[in-house]
Amino acid sequence: MALLEVVICSDYPTQLALSTTVAALGYGPYDAHGELSLAYVVVLSLADTALLLALIAMFLSIHGEGARDLFLGTRSISAEARLGLPLALPPSGWA
């Protein structure tokens, strides 16, 4: 079962399904000049990300696990901010 879930979430099946769906709706990957369309790439990437997150959340739910703990962790926001803030500041000595 785990191997099937990994294959489904490997990005190839979802991109193939989405690109086929978008093509069936009449939108191709190339614009009128024969160049790769930025809009096509952006729409496909965003839709693929949303679909993958939904699949992962569904598989976690099926197994009785929480998506929030996996994606966001169990620490409070203030604890995360205390740990992350020094990483966002420039090192001392930078002028």
Side-chain angles (χ1 to χ4, degrees):
M1 186 65 163
L3 181 61
L4 180 63
E5 291 173 8
V6 169
V7 169
I8 290 172
C9 292
S10 70
D11 209 32
Y12 292 111
T14 55
Q15 280 193 0
L16 181 62
L18 286 171
S19 63
T20 303
T21 302
V22 170
L25 294 172
Y27 299 102
Y30 299 102
D31 62 12
H33 304 291
E35 296 176 359
L36 189 60
S37 169
L38 177 63
Y40 177 85
V41 172
V42 169
V43 167
L44 191 66
S45 297
L46 291 175
D48 186 48
T49 300
L51 181 58
L52 282 174
L53 288 173
L55 284 170
I56 291 167
M58 180 188 72
F59 288 137
L60 286 170
S61 176
I62 287 171
H63 295 292
E65 300 177 39
R68 184 186 190 286
D69 290 341
L70 178 69
F71 293 139
L72 303 176
T74 56
R75 286 189 270 205
S76 69
I77 293 174
S78 62
E80 287 292 327
R82 278 194 309 272
L83 291 171
L85 188 60
L87 298 173
L89 299 174
S92 62
W94 272 27

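Just so it is clear, the values below take in all heavy atoms, side chains as well, and ignore hydrogens, waters and symmetry mates. Quantities reported herein were computed from a predicted structural model and do not represent experimental measurements.
Taken to the nearest 0.5 Å, the CD1 atom of I8 stands 4.0 Å off from the CG atom of L4. Separating the NE2 atom in H63 from the CE atom in M1 is a distance of 5.5 Å, to the nearest 0.5 Å. Remark: I56 CD1 to L51 CG distance equals 10.0 Å, nearest 0.5 Å. In this structure, CG in L52 is found 5.0 Å from CG in D11, a value given to the nearest 0.5 Å.
Counting only N and O atoms by type, the side chains of D48 and T14 include a donor and acceptor under 3.5 Å apart.
Grouping the Ile, Leu, Val, Met, Phe, Trp and Tyr side chains by contacts below 4.5 angstrom, directly or via other members, places L53 apart from V43.
Side-chain contact between I62 and F59 is present, with at least one heavy-atom pair separated by less than 4.5 Å.
Here the shortest heavy-atom pairing between S19 and Y40 reads CB-OH, 3.4 Å. L44 and Q15 make their closest contact through CD1-O, 4.4 Å (heavy atoms, listed as atom of the first residue, atom of the second, distance). When all heavy atoms of G66 and L60 are compared, the closest pair comes out as O-CD1, 4.4 Å.
Here the side chain of T20 pairs a donor or acceptor atom with the backbone of L16 at under 3.5 angstrom.
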